[in-house]
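Working notes, structure below.
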Amino acid sequence: MQQSTDIHRRIAQISSHINPPINQQQQVEEGNLWRSDCRAKGGSPGFKVAILGAAGGIGQPLAMLMKMNPLVAVLHLYDVVNSPGVTADISHMDTGAVVRGFLGQNQLEDALTGMDLVIIPAGVPRKPGMTRDDLFNINAGIVKTISEGIAKCCPKAIVNLISNPVNSTVPIAAEVFKKAGTYDPRRLLGVTMLDVVRANTFVAEVLGLDPREVSIPVVGGHAGVTILPLLSQVKPACSFTKEETEYLTSRIQNGGTEVVEAKAGAGSATLSMAYAAVKFADACLRGLRGDAGVVECAFVPSQVTELPFFASRVRLGRSGVEEIYPLGPLNEYERVGLEKAKKELGGSIEKGVSFAKK
Amino acid sequence: MTAAILRSALRRSAAASYSSSRGFASSPGQQRKVAILGAAGGIGQPLSLLMKLNPMVSLLSLYDIAGTPGVAADVSHINTRSEVKGYAGEDQLGQALEGSDVVIIPAGVPRKPGMTRDDLFKINAGIVKSLCEAISKYCPNALVNMISNPVNSTVPIAAEVFKMKGVYDERRLFGVTTLDVVRAKTFYAGKANVNVADVNVPVIGGHAGITILPLFSQATPSANLSAEEITALTKRTQDGGTEVVEAKAGKGSATLSMAYAGAIFADACLKGLNGVPDVVECSFVQSTVTELPFFASKVRLGKNGVEEVLGLGPMTDFEKQGLEALKPELKSSIEKGIAFAHAN
């Protein structure tokens with residue numbers, strides 16, 4: 001059956017140049033080449049992306065990488081200081097995206113109007129000895145203000161929230177959107193990609209493989225023990241000794257702290273965070289474009305556990321999160337880890353919700 | 001190239017990921033060590049990120065006088081094939097350099113508003129001299145990509161240091177002028193209303209003010225720009241760096257676009273080393289295309305660095321005038337560098 005369809009398709013492709021179709025539309029059925037042109041429907045094939053906090057430690061390399069991404073047509077760089085300098089710098093790069101800078105809170109609305117995707121690295125980073133929760137007081141206020149702007153100016157945008165503590169800031173954003181009547185649980189995502197990136201790197205090191213060949217889901221949240229790597233679900237399938245499991249789980253959970261310590265007061269992960277954020281934003285854009293099979297881990301409003309938010313593998317599409325996958329089979333170690341994660345995560349979510357409701 | 005590097009880093013599976021669409025020689029299995037001297041600085045950090053994403057790199061060595069353990073820990077978490085090592089302090093410079101195939105040097109201080117690149121000379125000349133002494137000792141065969149300003153002087157300084165140590169190979173020393181090319185392409189695409197991805201503009205001369213000479217008459221795709229427009233584009237390309245220094249209002253000079261350009265040029269060097277044919281980039285190299293000892297023009301890159309210095313091509317009267325006007329300034333910057341290397 002398969003063979004005859006293949007043969008018919010090959011004949012159609014070969015004969016198409018002998019009898020060229022009268023209109024372009026006909027060719028869509030035959031080849032994949034024209035599909036992306038069709039979807040653009042005459043508009044620019046790229047998306048409008050805003051980075052809030054573009055002049056910061058994460059924001060700058062993030063802006064550079066997004067400027068290099070061919071899926072971006074317009075790039076808005078917003079911050080409370082220094083965004084004109086970053087904008088001038090990046091605007092010289094010879095790639096297609098048009099860059100505009102916005103400075104100060106009174107330009108926030110202009111930065112957000114018309115955006116398809118909003119990436120939020122804004123906020124202060126940890127110093128040695130701090131947990132992500134210690135940032136709560138400052139960053140919660142920043143995220144609340146930004147969310148109010150999004151609800152007003154681009155309520156349908158996909159939101160990628162990086163500002164820590166993500167376990168609390170995502171619930172804060174949700175409450176703000178609910179209050180404004182614009183809440184769409186498919187369009188709010190806490191970025192946990194850096195935990196996935198770290199998991200892939202550390203596991204590949206242990207297995208002696210190229211990191212690009214390794215894939216591990218990381219579920220739960222984005223802080224300490226709420227980060228739960230599911231080593232039992234690693235691809236390619238491998239088993240780990242007890243020591244390896246404990247070493248890897250601990251290293252993945254404390255990856256952020258590892259960098260904070262190494263930077264000795266100069267900040268937290270910026271370059272790897274920028275990379276992970278772009279990797280995730282790119283997946284969101286491919287989903288928006290209509291690509292199939294775009295699956296990444298993200299911290300989203302969820303029913304896979306009894307908690308209102310949880311990170312797990314999600315399928316991204318034209319409306320943001322189209323499908324949330326269940327956690328899959330967990331081994332004993334992971335089941336214990338899951339209970340620990342849920343306890344702390346529940347508390348962080350509550351803290352965010354209470355803050356937003358004040 | 002850059003979209004390809006980004007794509008390959010973003011894709012998950014190894015099978016799909018390798019950058020060159022021509023498939024061959026950017027072989028992922030090849031061992032290439034790239035060292036970045038000044039890796040914790042404004043240019044060094046995003047440059048380290050981009051080089052970590054480059055699939056041709058197997059070992060990334062990050063050196064600076066301080067801050068590198070943090071940058072190395074950060075970048076090492078990225079899930080690409082290269083191993084990252086951080087080195088801090090002069091006593092670790094040798095280890096950082098040992099066995100490098102390409103050494104990129106963004107080290108030094110940046111301009112503040114009102115300064116020319118030459119005002120940086122005193123500090124940066126000393127830095128470049130000691131780094132080059134170490135290169136001659138630990139990796140004399142490496143391709144050296146000089147970013148530290150003023151490039152018009154630091155490249156001649158490097159050449160003199162290598163000569164004095166008996167390791168000079170004029171094919172392996174490059175002043176990175178790629179950012180001027182990037183700017184010329186961007187500004188031209190904007191004015192000519194064409195897709196910047198299709199644009200090519202050669203930029204010759206040097207890497208400061210009027211020594212930067214974009215040859216818009218040779219730009220492709222061609223566009224009917226008036227003489228005024230060409231003059232404006234030329235000036236804007238020449239002052240592109242100053243534009244960013246002013247916009248940053250004391251907070252530094254171009255870092256992200258410089259990292260981007262530096263990564264493009266280093267990538268071209270790696271492709272050349274790996275045997276990819278027809279790798280052509282503009283660069284400030286030892287040259288006989290004019291009577292000056294160093295000059296930027298298109299060069300073809302290969303297994304030994306510069307395989308061929310290409311000629312300047314046909315020029316309009318405006319460009320010929322620009323060429324004559326830049327030579328005295330470029331000459332004196334070159335001589336200043338040579339004099340410094342011998343006096344210190």
Side-chain angles (χ1 to χ4, degrees), chain A residues 55 57 60-61 63-65 67-70 81-82 84-96 101 194 196-202 204-205 209-215 255-256 258-276 278-279 282-283 286, chain B residues 2-3 5-14 17 28 40 45-46 48-50 52-53 55 67 69-81 86 179 181-187 189 195-197 199 240 243-249 251-261:
Chain A
Q60 291 201 42
M64 176 185 74
L65 290 174
K67 176 76 168 97
M68 289 162 65
N69 191 322
V81 290
N82 299 332
V86 179
T87 304
D89 191 349
I90 295 198
S91 71
H92 288 180
M93 289 166 63
D94 56 353
T95 60
L194 185 49
V196 176
V197 164
R198 286 175 175 144
N200 291 347
T201 301
F202 302 156
E205 220 170 78
L209 294 174
D210 187 320
R212 289 166 296 184
E213 292 163 11
V214 170
S215 177
E258 195 178 303
V259 180
V260 170
E261 300 294 324
K263 287 200 172 186
S268 57
T270 48
L271 304 171
S272 50
M273 183 67 241
Y275 163 74
V278 169
K279 203 165 148 65
D282 183 75
R286 282 183 286 120
Chain B
T2 51
I5 281 190
L6 192 66
R7 285 258 138 244
S8 77
L10 294 175
R11 277 200 193 106
R12 253 209 256 223
S13 80
S17 75
Q45 291 202 37
S48 301
L49 168 59
L50 289 173
K52 179 71 171 95
L53 299 184
V71 179
D74 190 351
V75 168
S76 73
H77 287 180
I78 294 174
N79 57 337
T80 57
R81 90 183 251 236
L179 185 48
V181 177
V182 164
R183 286 175 176 144
K185 286 165 69 173
T186 302
F187 302 156
N195 189 345
V196 71
V199 173
E243 194 178 307
V244 181
V245 171
E246 300 293 325
K248 288 200 173 187
K251 294 261 164 64
S253 57
T255 47
L256 304 169
S257 50
M258 183 67 240
Y260 167 78

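Sequence lines set the chain letters: A, B, ... in the order given, protein chains first and strands last, and positions in each chain run from 1. All values below were derived from every heavy atom in this structure, side-chain atoms included, with hydrogens, water molecules and symmetry-related copies excluded.
- Looking at B:A254, both its backbone and its side chain come within 4.5 Å of chain A, counting heavy atoms on both sides.
- For A:L209, no part lies under 4.5 angstrom from a heavy atom of chain B.
- The two atoms that bring B:V196 and A:T95 nearest to each other are CG1-C, 3.5 Å, heavy atoms only.
- Considering only heavy-atom pairs separated by less than 4.5 Å from chain A, the leading option among B:A261, B:A73, B:S257 is B:S257.
- Chain A forms more heavy-atom pairs under 4.5 Å with one residue of B:V244, B:L49, B:V71, B:D74 than with any other, namely B:D74.
- The backbone N or O of A:P211 lies less than 3.5 Å from no partner atom in the side chain of B:N79, so there is not a single donor-acceptor pair.
- In this structure, the separation between CZ on B:R81 and OG1 on A:T201 is 14.5 Å, given to the nearest 0.5 Å.
- With values rounded to the nearest 0.5 angstrom, B:H77 atom NE2 is found 13.0 Å from A:N200 atom CG.
- Of all the heavy atoms in B:P55 and A:R212, the pair that sits closest is CB-NH1, 3.6 Å.
- Within the 4.5 Å cutoff, no side-chain heavy atoms of A:I90 are placed close to those of B:Y260.
- Contact annotation for A:T270: both backbone and side-chain heavy atoms come within less than 4.5 Å of a heavy atom of chain B.
- Heavy-atom minimum distance, A:D94 versus B:V182: N-CG1, 3.5 Å.
- For the residue pair A:A262 and B:P69, the shortest heavy atom distance occurs at CB-O, 3.9 Å.
- When side chains are defined from C-beta on, B:L256 does not count as touching A:K67, because their heavy atoms never get closer than 4.5 Å.
- When all heavy atoms of A:K263 and B:G70 are compared, the pair lying nearest together is CG-CA, 3.6 Å.
- Across B:L50 and A:M68, no two heavy atoms sit closer than the pair CD2-CE, 3.9 Å.
- By number of non-hydrogen pairs under 4.5 angstrom with chain A, the leading residue of B:N195, B:L179, B:T186 is B:T186.
- Put simply, of A:V197, A:V260, A:T87, A:L194, the one with the most heavy-atom pairs under 4.5 Å next to chain B is A:V197.
- Taking A:E258, A:E205, A:E261, A:M273 one by one and counting their heavy-atom pairs under 4.5 Å with chain B, the maximum is reached by A:E258.
- Neither the backbone nor the side chain of A:A204 comes within contact range of chain B; no heavy atom of the residue lies under 4.5 Å from a heavy atom of that chain.
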